[in-house]
S.K.: 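My questions will all concern the structure given below.
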Amino acid sequence: MTKGEGEHDLENSRLHKIQERRRKKESSVRSSDLLFFALSLLSIGSLLIEMSLFEFGMLQQNSVATVESHDEDIMEESFTLFNPALEQMRRQKNRGKGEVNSLSNQTVYVHSGNVDMIKILDHAGAKITDDVKSQLPPNENVEKLYGPGIRIMGLDRCEEFRKTIPPSQAEIGGAGMFNTGTNLLAQLLSKNCYMPQRSRGTGMRWQVPWGKHPPYSWRYKNIAAAERNKQVNQTLTLAVATIKDPLSWMGSMCRHSYAANWRHQKDHCPNLIANEFDAKLGSKLSQQIPVRVRYKPKNITHHESLAGLWNDYYGGYAFEAEYPRLIIRSEDMLFHTPEVIKQVCECGGGKMRDTFQYVLESAKGSSGAHHNALGLVSAMVRYANETKRIEGFTKEDLDYVRQALDPKLMEFFHYVYPK
C-alpha cells in the first residue's frame with residue numbers, strides 16, 4: 001500500500017467514525033423525543049383521569065357516598081338522590097313541556113275548620129283577658145283575607161322526597177325572606193316533629209344548609225355560616241319556604257329591614273312610588289324605589305321595589321326550584337298551626353309528637369335586630385286586621401301594587417289585592 005493510499009484509508013476511517021457518532025447522537029435525540037412525547041401523553045392521560053375523578057367526586061358529594069359512618073346500613077338501600085347533574089338532565093328533558101313548575105301540578109291542602117282565635121290562644125296556653133278579647137279582630141277576617149283553610153305549594157313532590165331520600169338521613173329545614181316566620185317554623189317543627197328512623201337528632205334543622213334567607217338558587221353553591229365546619233349533604237334536606245302576604249310583609253320590612261336596603265323613612269313606608277318625602281332622600285319623584293339585598297359583601301341582588309323583591313324571591317322558589325320543596329304561608333302558622341305543621345312534617349317523612357306545642361312568645365326573641373318582634377297574640381291582632389294591612393301605603397303605592405305583584409303567586413296563596 002502506498003503512502004497516499006494509507007492516508008486516504010485513514011481519512012475514510014475518520015469520516016466513518018464521525019458519521020457513526022452523528023447517527024448515534026441523532027438516534028439518541030429521537031429516543032429522547034419519543035420518551036418526552038410518551039411522558040407527555042401519560043401526563044395528559046393522568047390529568048384527564050384526575051379531572052374525571054374530580055367531577056365524579058363532585059357528583060358524589062350529593063350522593064350516598066357522603067353519608068356519615070354511623071348510618072352504614074344506608075349503603076344497602078336503593079335510591080336516587082338529587083344533584084346538579086341530574087337536575088340539569090331533568091331540566092333538559094322537561095324543557096318546553098311546562099311540567100316542572102306548572103301551578104296545575106301543585107297540591108293545595110285545604111282544612112275546612114273555621115278559625116276561632118280565642119280557642120287557638122287557649123290551646124296555646126295564653127292568658128286571655130278582656131283586654132285581649134277586645135283587641136282581636138273578628139274571626140271571619142281571617143277567611144276574608146286568606147281564604148278557607150291552609151295553602152301549601154309543593155305537596156305533589158312529597159312522595160318523591162320520601163322515596164329518594166333515606167329515612168334515617170332525611171331532614172327538614174326552613175327558608176324564606178326576612179320577616180316571614182322562618183324562626184317560628186323552626187321552633188314549631190322542633191317541638192312537634194321528628195324523624196323516627198334517625199339514630200341521632202330529630203332531623204329538624206334551624207335552616208336549610210345553604211342558608212334560610214338566600215334565594216333558592218344558592219343550593220349547592222353556598223354553605224350557611226353555621227354549617228362551615230360540618231360535612232353536610234344538602235340533598236337530604238326538604239326545604240320549606242315561608243311566605244307572607246306581600247302588603248303585610250312590606251310593613252314588617254319597614255320595622256326590621258335586616259339585609260335589605262332602600263331609601264325610606266317613617267314618614268312614608270312602605271314606599272313603592274316616591275313622593276315628596278322620598279325625593280328628599282334622593283329618590284326620583286313618582287318613580288319606583290329600588291331595593292337591594294346584601295346577602296354577603298359580594299353577593300348583592302337588585303330589585304325594582306319591595307314588591308319586586310317579593311316577586312323575585314318567591315317566584316324562584318315557586319317556579320324555578322326543581323328540587324322537592326314546600327312553600328307555606330306565615331299566616332297559616334298563626335291561624336291553622338297544627339294542620340300546617342302536620343303537613344310539613346309528614347311530607348318529609350316525619351312523625352308528629354302526641355301533644356302539640358305552640359310558640360306563644362316571639363320566636364325571634366326580643367333583643368338586637370328582633371326588638372319589638374310580635375308574639376302570637378300581637379301577630380293575630382295585626383295580621384287579621386284589614387286596616388293594618390295597608391298602613392303606610394299611599395294611593396300611588398297601592399295602584400302600583402295592583403299591577404306589580406305576581407298574579408300567579410297572589411292567586412295560589414289567596415292573597416287579595418287591595419281595594
Side-chain angles (χ1 to χ4, degrees), residues 67-68 70-71 74 107-111 113 120 123-125 149-176 180-212 224 226-227 230 232-244 317 323-365 375-376 379:
V67 300
E68 298 178 11
H70 63 267
D71 276 314
I74 207 63
T107 303
V108 181
Y109 172 84
V110 178
H111 170 66
I120 294 171
H123 289 165
I150 67 177
R151 290 190 167 238
I152 301 177
M153 181 179 286
L155 289 175
D156 53 303
R157 302 288 296 277
C158 294
E159 184 178 1
E160 177 185 350
F161 179 83
R162 291 192 298 267
K163 284 185 175 180
T164 56
I165 302 300
S168 58
Q169 291 288 300
E171 298 177 324
I172 301 175
T180 59
T182 55
N183 289 340
L184 177 59
L185 172 64
Q187 288 197 26
L188 286 170
L189 286 172
S190 178
K191 289 173 178 290
N192 297 290
C193 180
Y194 67 99
M195 298 294 188
Q197 296 192 42
R198 287 185 66 92
S199 60
R200 287 167 51 182
T202 63
M204 301 301 113
R205 301 179 59 90
W206 184 255
Q207 61 182 341
V208 292
W210 54 96
K212 62 181 178 179
E227 313 287 347
K230 304 175 184 177
V232 179
N233 185 341
Q234 297 192 1
T235 305
L236 301 177
T237 300
L238 174 67
V240 183
T242 53
I243 190 172
K244 183 189 275 188
Y317 264 106
Y323 46 85
R325 53 79 185 104
L326 298 178
I327 306 177
I328 67 171
R329 299 189 302 186
S330 175
E331 297 80 13
D332 289 333
M333 291 192 290
L334 298 177
F335 304 114
H336 302 283
T337 319
E339 293 87 355
V340 70
I341 296 302
K342 183 175 186 290
Q343 289 294 310
V344 170
C345 181
E346 293 180 350
C347 177
K351 184 177 180 180
M352 293 290 286
R353 299 189 186 279
D354 293 337
T355 303
F356 190 86
Q357 296 184 58
Y358 288 80
V359 176
L360 191 56
E361 302 301 324
S362 169
K364 295 181 177 181
L376 181 57

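Residues: numbered from 1 along the sequence shown.
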S.K.: Enter the distance from Thr180:OG1 to Leu184:CG here, rounded to the nearest 0.5 Å.
M.R.: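 If we round to the nearest 0.5 Å, Thr180:OG1 and Leu184:CG are 10.0 Å apart.
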
S.K.: Which atom pairs, donor and acceptor, lie under 3.5 Å between side-chain atoms of residues 347-360 and protein residues at least two apart or in another chain?
M.R.:
none

S.K.: Once side chain to side chain contact (heavy atoms under 4.5 Å, CB included) is applied, do any residues pair with Glu159, and if so which ones, sequence neighbours excluded?
M.R.: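 Checked Glu159 against side chain to side chain contact (heavy atoms under 4.5 Å, CB included); matches are Arg162, Lys163.
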
S.K.: Work out which heavy atom in Pro167 is nearest to a heavy atom in Met195; give both atom names and the distance.
M.R.: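 Scanning both residues, the minimum pair turns out to be O-CB, 4.5 Å.
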
S.K.: Nearest 0.5 angstrom please: Thr235 OG1 to Gln169 CD, how far?
M.R.: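 Output value for this atom pair is 11.5 Å.
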
S.K.: Looking only at non-hydrogen atoms, find the nearest pair between Pro209 and Gln234 and report the distance.
M.R.: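 For Pro209 versus Gln234, the nearest heavy atoms are CB-CG, 3.7 Å.
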
S.K.: Flag the pair Leu334 / Leu376 as yes when at least one side-chain heavy-atom distance between them is below 4.5 Å, and no otherwise.
M.R.: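 With C-beta onward as the side chain, the pair touches.
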
S.K.: Which heavy atom in Leu236 sits nearest to a heavy atom in Pro166, and how many Å separate them?
M.R.: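 Smallest interatomic distance, heavy atoms only, reads CD2-CD, 4.4 Å.
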
S.K.: List in chain and number order the residues that pass side chain to side chain donor-acceptor pair (under 3.5 Å) with Asp332, two or more places apart in sequence or in another chain; answer none if no residue qualifies.
M.R.: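 In terms of side chain to side chain donor-acceptor pair (under 3.5 Å), with neighbours along the sequence ignored, Asp332 is linked to Arg329.
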
S.K.: Is there a side-chain contact between Leu185 and Ile341 in this structure, where contact means two heavy atoms from C-beta onward sitting under 4.5 Å apart?
M.R.: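 When only atoms from C-beta onward are counted, Ile341 and Leu185 do touch, with a gap below 4.5 Å.
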
S.K.: Could you check Ile328, Ile150, Leu326 and say which one makes a side-chain contact (heavy atoms from CB on, under 4.5 Å) with Gln343?
M.R.: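 Testing Gln343 for a side-chain contact (heavy atoms from CB on, under 4.5 Å) against Ile328, Ile150, Leu326 leaves exactly one candidate, Ile150.
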
S.K.: Check whether any side-chain heavy atom of Met153 sits under 4.5 Å from a side-chain heavy atom of Arg325, and report yes or no.
M.R.: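 Touching, per the 4.5 Å side-chain cut-off.
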
S.K.: Restricting to side chain to side chain contact (heavy atoms under 4.5 Å, CB included), what partner residues turn up for Glu171, sequence neighbours left out?
M.R.: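 Side chain to side chain contact (heavy atoms under 4.5 Å, CB included) check on Glu171 returns Arg198, Arg205, Thr237.
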
S.K.: Who pairs with Lys342 by salt bridge (Lys or Arg N to Asp or Glu O under 4.0 Å), at least two apart in sequence or on another chain?
M.R.: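 Partners of Lys342 by the salt bridge (Lys or Arg N to Asp or Glu O under 4.0 Å) criterion, ordered by chain and then number, come out as Glu346.
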
S.K.: Write down the atom of Ala224, the atom of Val208, and the distance for their closest heavy-atom approach.
M.R.: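 Smallest heavy-atom distance, with atoms named: CB-O, 4.5 Å.
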
S.K.: Going by side chain to side chain contact (heavy atoms under 4.5 Å, CB included), name the residues that satisfy it together with Ala186, two or more places apart in sequence or in a different chain.
M.R.: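 For Ala186, the residues satisfying side chain to side chain contact (heavy atoms under 4.5 Å, CB included) (neighbours in sequence not counted) are Trp206.
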
S.K.: Looking at side-chain heavy atoms only, is the closest gap between Leu238 and Pro324 below 4.5 Å?
M.R.: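 A side-chain contact exists here, since the closest heavy-atom pair is under 4.5 Å.
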
S.K.: Using the rule given for side chain to side chain contact (heavy atoms under 4.5 Å, CB included), can you reason through Lys212 versus Asn183, listing the C-alpha separation, both sets of side-chain angles and the distance that settles it, and then say yes or no?
M.R.: CA-CA 10 Å; Lys212 62 181 178 179; Asn183 289 340; 2.5 Å; yes

S.K.: Is there side-chain contact between Glu331 and His336, with at least one heavy-atom pair below 4.5 Å?
M.R.: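 Sidechains of His336 and Glu331: no contact.
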
